[in-house]
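In what follows, chains are A, B, ... by sequence order, proteins preceding strands, each numbered from 1. The structure displayed is predicted, hence computed values, not measured ones.
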There are 2 protein chains.
Amino acid sequence: MLSQQIKRPSLHEELVERLRSLVVEDGLKPGEKVPEKELCETFGVSRTPLREALKVLASEGFVVLQANRGARVAQITREELENTFPVIAVLEQLVGEIACERLDTEELAWIEQRHAAMVAAFRARDRKAYFQANQDIHQALLRGTRNDILEGHHKLLAARVRRARFMANLSDERWTQAIEEHETMMERLRARDAQGLGAVMKQHMMNKHAAHMAALDRSEQAPEET
Amino acid sequence: MLSQQIKRPSLHEELVERLRSLVVEDGLKPGEKVPEKELCETFGVSRTPLREALKVLASEGFVVLQANRGARVAQITREELENTFPVIAVLEQLVGEIACERLDTEELAWIEQRHAAMVAAFRARDRKAYFQANQDIHQALLRGTRNDILEGHHKLLAARVRRARFMANLSDERWTQAIEEHETMMERLRARDAQGLGAVMKQHMMNKHAAHMAALDRSEQAPEET
DNA sequence: AAACGTAATTATGAATTCATAATTCAGTCA
DNA sequence: TGACTGAATTATGAATTCATAATTACGTTT
């Protein structure tokens, strides 16, 4: 059957997506109140589906609901970051272990290609291209696990962290280290060493964690701008 | 300040809890359609908050929403189980590693006490008491991590699996093995061996996984009852 | 009698309305 | 002039209403 399965994302699902993007991509700043009315007009919908979407966003942790006081964009505290990274790290480990065994040659080729692009971007100090290639690789590995549960939970956590957006303050030192780690990852992947790849990916994430926390320390010491 | 923080769970949150319980505790069978109207009367609320709750439940994976066809209780497929257990396993590992380092003496004492109760229940072949003590222990370890993110994701996944409810078909052989694994866990915990405890807890979950899948195979071979 | 098509009924998604809690603003008093 | 009280405004949570999609029931036709 050629069931095209007409996808009609039912409005409220659409809204969840768009609102989450707004929050993650920083269209709405942390702590800011979410203006129901305004968003209703922007999206051309009534309050009911929008509020349904906000409930979902709240359960995912992107907004917080205060009784009779509406929704605010969730603040990411330092503690939450400290708690989140280790969880992502063990999920990454699992991603490595599983993907290593399930990736087909086509996927492997794609990853090789993106890895090459990433290295090239690093040499050219092209942050944008680097991040894109980097994301492509992690995305491919994640998809390669064929594990929707793992993928779903990983994506949620990653989105929460992405909001912190430390991209700008990637030190050259850390950048070099990250590239080296990726080289090791590719090596383990080519060798189909599942345990090895898992271990490297976990460590990769923990190092990223350390780098981010250090960057956060620096920015906290720096004078506040408002 | 003695801010008692008056908890008013805002109706829809209350509903999420109660509906989730209904699903997890098997008040609504998998595949069954969720009767909005009926539930509205049961809980004495209108459709709006109930539907908000359903959206949240859907994002958590407990129900599936079909366009213009309402909600059905999610089926747990074999594939989903196969996908879920490894994720829980690595989270358990992390729980072990972290809890091992953060548990205070009081929490440790409670775990020792519940462990003793669990062993006693095993000797008496008292399934109910066994499961309760077992759950208390895992709960205490989870709480002991002081990591809300880890706790939240673990609980969601655990709830999803609990619905499969293989409790009845715990073989005597597997039961014995589980007790032995718990003895090892306590040993590692007393020694404050974080890596060791993590490894044992991961393996414990993977063994549980294997046992459950085997039980599932047996029940699938058995004649269907409808 | 079986199968198809059409009308009636029901249920669902979304908009609107309503009651109430929170916030803002003005006026009063110290 | 500043702080407090209370009314007016606004925003929120929840109920209700409305339009439409889906299901069921019925009648017709072969």
Answer yes or no: is there a donor N or O on one side and an acceptor on the other, between the side chain of Arg146(A) and the main chain of Gly144(A), under 3.5 Å? yes
Length of the line joining Asn68(A):CG and dA19(C):P, which is rounded to integer Å: 16 Å
Rounding to an integer number of Å, can you tell me how far Lys33(A) NZ sits from dT10(D) P? 14 Å
In whole angstroms, the gap separating P of dT12(D) from CG of Leu11(B) amounts to 17 Å
Which residues pass the side chain to side chain contact (heavy atoms under 4.5 Å, CB included) test with Glu101(B), sequence neighbours left out? Ala194(B)
List for me each residue that meets side chain to side chain contact (heavy atoms under 4.5 Å, CB included) alongside Gln203(B), sequence neighbours excluded, and say none if there are none. Met206(B), Asn207(B)
Starting from C1' on dA21(D), measure out to CG on Leu65(B) and report it in whole angstrom. 16 Å
Test of understanding: with side chain to side chain contact (heavy atoms under 4.5 Å, CB included), list the residues that count as partners of Arg72(A), not counting sequence neighbours. Lys33(A), Val64(A), Gln66(A)
For Lys37(B) and for Gly44(A), locate the closest nucleotide of DNA chain C by heavy-atom distance; then report the residue assigned to the nucleotide nearer the 5' terminus. Lys37(B)
Can you list the residues that meet the side chain to side chain contact (heavy atoms under 4.5 Å, CB included) rule with Lys29(A), with sequence neighbours excluded? Asp26(A), Glu32(A)
Does OP1 or OP2 of dT23(D) have a side-chain N or O of Arg69(B) closer than 4.0 Å? yes
Around atom CD of Glu79(B), are there more than 12 heavy atoms of other residues, nucleotides or ligands at under 6.0 Å? no
Return the residues of residues 45-52 of chain A meeting this criterion: a heavy atom under 4.0 Å from some atom of DNA chain D. Order them by number, or give none. Arg47(A), Arg51(A)
In whole Å, I'd like the distance from the NE2 atom of His12(A) to the P atom of dT12(C). 15 Å
Distance in angstrom units between Phe43(A) CZ and dA14(C) C1', rounded: 17 Å
Looking for any heavy atom pair under 4.0 Å, which part of the strands does Gln66(A) touch: base, sugar-phosphate only, or nothing? sugar-phosphate
With sequence neighbours left out, the residues meeting salt bridge (Lys or Arg N to Asp or Glu O under 4.0 Å) with Arg20(B) are Glu17(B), Glu60(B)
Closest of dA11(D), dA11(C), dG13(D) to the Glu36(A) side chain is dG13(D)
Whole angstrom value for the distance that separates C1' of dG13(C) from CD of Glu14(A): 15 Å
